[in-house]
Trainee: 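Here it is: the structure, laid out below.
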Amino acid sequence: QVQLVESGGGLVQAGGSLRLSCAASVRTFSSYYMGWFRQAPGKEREFVAAVSWGSTTTNYADSVKGRFTISRDNAKNTVYLQMNSLKPDDTAVYYCAAAPSPRWARRDQEYDYWGQGTQVTVSS
């Protein structure tokens, strides 16, 4: 069983930055592919970014590419999402998720474990 706890959300003005963290309670964190997803009010959950087990591969949604950076520290059982140049459209609840071996890292159904989410609100 993997428990995930996100932190770092909050209210920020457009153009600002936030860094989200997701701490995992699991012995073998390095065995899990990690992803970030988000869900805005009235919208479906969407993929944001993912990082492979040893950080050799990262994937980003087109809407965040060049502004967001996903990273992980396997020694600390933590995955991060650095968000720069934030826009009001980035307002959502952000979730981290873990999957042992996703066939398609952008697909939320591939992930077995989810955190409770952290709210990010970007004001204009």
Side-chain angles (χ1 to χ4, degrees):
Q1 190 77 345
V2 179
Q3 292 186 328
L4 303 172
V5 179
E6 302 96 335
S7 62
L11 173 64
V12 64
Q13 288 188 332
S17 298
L18 281 175
R19 188 195 196 201
L20 305 183
S21 299
C22 173
S25 298
V26 64
R27 283 189 185 179
T28 55
F29 178 69
S30 60
S31 299
Y32 291 86
Y33 216 98
M34 299 300 296
W36 284 97
F37 293 78
R38 67 187 182 187
Q39 187 166 21
K43 295 186 177 181
E44 293 187 354
R45 185 166 57 192
E46 64 174 1
F47 169 77
V48 175
V51 60
S52 62
W53 311 269
S55 302
T56 53
T57 302
T58 55
N59 292 282
Y60 295 94
D62 288 345
S63 59
V64 307
K65 200 173 293 184
R67 300 187 298 122
F68 290 11
T69 302
I70 189 171
S71 62
R72 66 189 295 164
D73 186 337
N74 287 342
K76 295 183 178 179
N77 283 17
T78 302
V79 62
Y80 305 97
L81 185 68
Q82 178 67 44
M83 306 186 295
N84 299 329
S85 302
L86 282 161
K87 305 174 182 180
D89 284 348
D90 295 318
T91 296
V93 177
Y94 283 71
Y95 299 90
C96 72
S101 298
R103 291 173 295 177
W104 180 237
R106 296 170 179 258
R107 189 167 175 262
D108 58 357
Q109 294 93 327
E110 299 284 339
Y111 291 80
D112 300 304
Y113 305 100
W114 292 83
Q116 81 290 348
T118 185
Q119 177 70 47
V120 171
T121 303
V122 184
S123 64
S124 57

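All values below were derived from every heavy atom in this structure, side-chain atoms included, with hydrogens, water molecules and symmetry-related copies excluded. Remember, it's a predicted structure, so these values are computed and weren't measured experimentally.
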Trainee: First locate atom OH of Tyr33, then atom CZ of Arg72, and finally report the distance between them rounded to the nearest 0.5 Å.
Mentor: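 The distance works out to 9.5 Å.
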Trainee: Can you tell me how far apart CE (Met34) and CD1 (Ile70) are? Round to the nearest 0.5 Å.
Mentor: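 Separation between the atoms: 7.5 Å.
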Trainee: What I want to find out is whether Lys65 reaches Asp62 closely enough, with some N-O distance under 4.0 Å, to be called a salt bridge.
Mentor: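 Counted as a salt bridge, because a side-chain N and a carboxylate O are separated by less than 4.0 Å.
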Trainee: Is a side-chain donor or acceptor of Glu110 paired with a backbone partner of Arg103 at a separation under 3.5 angstrom?
Mentor: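 Indeed, once roles are kept as given, a pair shorter than 3.5 Å links the two residues.
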Trainee: Got a second to check how far Tyr94's OH is from Ser7's OG, nearest 0.5 Å?
Mentor: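 Answer for the OH-OG pair, Tyr94 versus Ser7, is 15.0 Å.
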Trainee: Counting the benzene-type ring for Trp, do Trp53 and Tyr32 have ring centres under 6.0 Å apart?
Mentor: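 For Trp53 and Tyr32, the ring centres are not under 6.0 Å apart.
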Trainee: Measure the acute angle between the ring planes of Phe37 and Trp114, then classify it against the limits of 30° and 60° as parallel, tilted or perpendicular.
Mentor: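 Plane angle between 30° and 60°, so tilted.
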Trainee: Can you name the nearest heavy-atom pair linking Val5 to Gln116, along with the distance?
Mentor: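 In terms of heavy atoms, the two residues are closest at CA-OE1, 3.8 Å.
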Trainee: If you draw a 6.0 Å radius around CD in Glu44, do more than 12 non-hydrogen atoms from other residues or ligands fall strictly inside?
Mentor: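 Atom CD in Glu44 is not packed in, count stays at 12 or less.
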Trainee: State the CH2-CZ distance between Trp36 and Phe47, to the nearest 0.5 angstrom.
Mentor: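 Answer for the CH2-CZ pair, Trp36 versus Phe47, is 12.5 Å.
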Trainee: Closest heavy-atom contact between Ser63 and Arg38?
Mentor: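 Between these two residues, the closest heavy atoms are OG-NH2, 3.5 Å.
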Trainee: Could you walk me through whether Gln82 and Asn84 pass the side-chain contact (heavy atoms from CB on, under 4.5 Å) test, one step at a time?
Mentor: CA-CA 7 Å; Gln82 178 67 44; Asn84 299 329; 2.9 Å; yes
Trainee: Counting heavy atoms not belonging to Gln119, are there more than 12 under 6.0 Å from its CD?
Mentor: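 Enclosed.
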Trainee: Applying side-chain contact (heavy atoms from CB on, under 4.5 Å), run through Tyr113 and Val26 and close with a yes or a no.
Mentor: CA-CA 11 Å; Tyr113 305 100; Val26 64; over 6 Å; no
Trainee: Please assess Leu4 against Tyr95 for the test side-chain contact (heavy atoms from CB on, under 4.5 Å), listing each intermediate value before the final yes or no.
Mentor: CA-CA 9 Å; Leu4 303 172; Tyr95 299 90; over 6 Å; no
Trainee: The test is side-chain contact (heavy atoms from CB on, under 4.5 Å); show your working for Asn59 and Arg106 and say whether it passes.
Mentor: CA-CA 8 Å; Asn59 292 282; Arg106 296 170 179 258; 4.2 Å; yes
Trainee: Looking only at non-hydrogen atoms, find the nearest pair between Thr58 and Val51 and report the distance.
Mentor: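 Closest approach of Thr58 to Val51, heavy atoms only: CG2-CG2, 4.0 Å.
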Trainee: Tell me, do Phe29 and Lys76 make a side-chain contact under 4.5 Å, heavy atoms counted?
Mentor: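 Result no, sub-4.5 Å side-chain heavy-atom pair not found.
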Trainee: Starting at CG of Asn74, measure out to OG of Ser55 and round the result to the nearest 0.5 Å.
Mentor: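 Atom-to-atom, Asn74:CG and Ser55:OG are 6.0 Å apart.
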Trainee: Measure the CE-CZ distance between Met83 and Arg67 for me, rounded to the nearest 0.5 Å.
Mentor: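 Result: 9.5 Å between the selected atoms.
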